[in-house]
Every structure is written in C-alpha cells, then in structure tokens.
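Worksheet for the structure shown next.
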Amino acid sequence: DVLSRIGALIGLSPEKTKAAIGAAVPAILAGLVGVAQKPEGRNRLAALAEDQDAGLLDNVTGALSGGHEQSLIDSGQGMLSSLFGQGKLDGLAGAIGRSAGLNQGSAGSLLGALAPLVMGALGREQRAQRGRGIRREEGIAGAGGEDDHPALLHVAERAAADVGLA
C-alpha cells in the first residue's frame, strides 16, 4: 500500500507516516493555492500539471519501488522548488519536520515523493477539463480570484484519497 511504501522510503512507521502525510499534503495544497493567486504562478502551475505523467496515479506503488523512488523524490523536489522557491521549500520542510517529528531531510523527501502525486492528480483533472472544453487558464488553477481555489483543493484532496494518502 502507498502509506507503507512512503514510510519505508523515509524510514517511518505506518502511524508516523500517516501523520506526516497529514501535515504535508495540506501544506503542499496551501502552497499551490498561493502560487495560483498570481497570474504568472497560475500559468506555471497549469503547465507543470499538464506535463505530469498521466499514468503515475495508476501505478503509485510502482513509482515508489523498483529503484524509481529517488527519481520521484528528486522530480518532486525540483517541481516544488520551481513553484515555491528553494527558501520557501526548505522552510516548509522544516515546519513539516517539526510538526511530524521528522528531520528536515526526511520531511523534504516526503514532500518530494508527494508532489508528483498531487501534481499528477491536478494534471489528470486539467486534461479532463480540457476534454469538456474548459481552457487551461480557466481550469484547475482558476482564472483569478479566491473563489476559484477551492476547486484546486477539492481536486487534489480527492486525488489524495484515490491513491490512499487521505
């Protein structure tokens, strides 16, 4: 299961993994909402979501095993760094580490492992919206205004539940 694989990846018990993910996923989502509130951030977020591997969510356990783990973490950390900036990402990892009782390196690895899953979910929804005739700039990242962002949160929370993270 996904929780067990993530826990093994960063050396945590299932209970501690669940608590750490419970802190990390909302923090990632809050950061994405902050990014989406700026026009240039909204465009970067939409582009990154669109570029995500459509099949990742169909084989999460495969992505978290078989030698792919570090690649997933590195990809996720790079993605979050490009969206948030390295300083904010380090601060986020520190806060999650303190909240969940992890060192900053483990918290950073957790964020890196989760980011492609969250962004994959957003990408999947963005592609579905495009199929319904919704333009990218009007989709998951919203066309502006705070009322658009609950949709972004809803999509990511639903996806987190779909892959066993919630």
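For clarity, every value in this text was computed on a predicted model and none was experimentally measured.
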Interatomic spacing from [atom1] in [X] to [atom2] in [Y] - rounded to 0.5 Å:
X: Gln52; Y: Ser75; atom1: CD; atom2: OG; result: 6.0 Å
X: Arg124; Y: Glu50; atom1: CZ; atom2: CD; result: 15.5 Å
X: Lys88; Y: Leu80; atom1: NZ; atom2: CG; result: 13.0 Å

> Who pairs with Asp90 by side chain to side chain donor-acceptor pair (under 3.5 Å), at least two apart in sequence or on another chain?
Replying inline: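 For Asp90 the side chain to side chain donor-acceptor pair (under 3.5 Å) partners, ignoring immediate neighbours, are Gln86.
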
> Taking only residues two or more places apart in sequence or in another chain, which ones pass side chain to side chain donor-acceptor pair (under 3.5 Å) with Ser106?
Replying inline: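 Testing Ser106 for side chain to side chain donor-acceptor pair (under 3.5 Å), a comparison that skips the adjacent residues, returns Asn103.
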
Would you name the heavy atoms of [X] and [Y] that are closest together and state the gap between them?
X: Phe84; Y: Ile28; answer: CZ-O, 3.9 Å
X: Ile73; Y: Ser109; answer: CG1-O, 3.8 Å
X: Leu114; Y: Ala24; answer: CD1-CB, 3.6 Å
X: Ala23; Y: Ser99; answer: CB-OG, 3.8 Å
X: Ser81; Y: Leu89; answer: N-CD2, 3.8 Å

>> Is there a side-chain contact between Leu56 and Leu72 in this structure, where contact means two heavy atoms from C-beta onward sitting under 4.5 Å apart?
In response: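 Heavy-atom side-chain distance check passes, below 4.5 Å.
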
Got a sec, which residues hit side-chain contact (heavy atoms from CB on, under 4.5 Å) with [X], two or more places apart in sequence or on another chain?
X: Asp74; result: Gln70, Gln77
X: Arg98; result: Ala95
X: Ala93; result: Gln104, Ala107, Leu111

Show me the donor-acceptor pairs, under 3.5 Å and distance only, between side chains in residues 3-14 and residues at least two apart or in other chains.
from	atom 1	to	atom 2	distance (Å)
Ser4	OG	Asp1	OD1	2.7
Ser13	OG	Glu15	OE1	3.4
Ser13	OG	Lys16	N	3.1

> Do side-chain atoms of Arg44 reach the backbone of Val35 as a donor and acceptor pair under 3.5 angstrom?
Replying inline: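 Checking the backbone N and O of Val35 against the side chain of Arg44, no donor-acceptor pair under 3.5 Å is found.
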
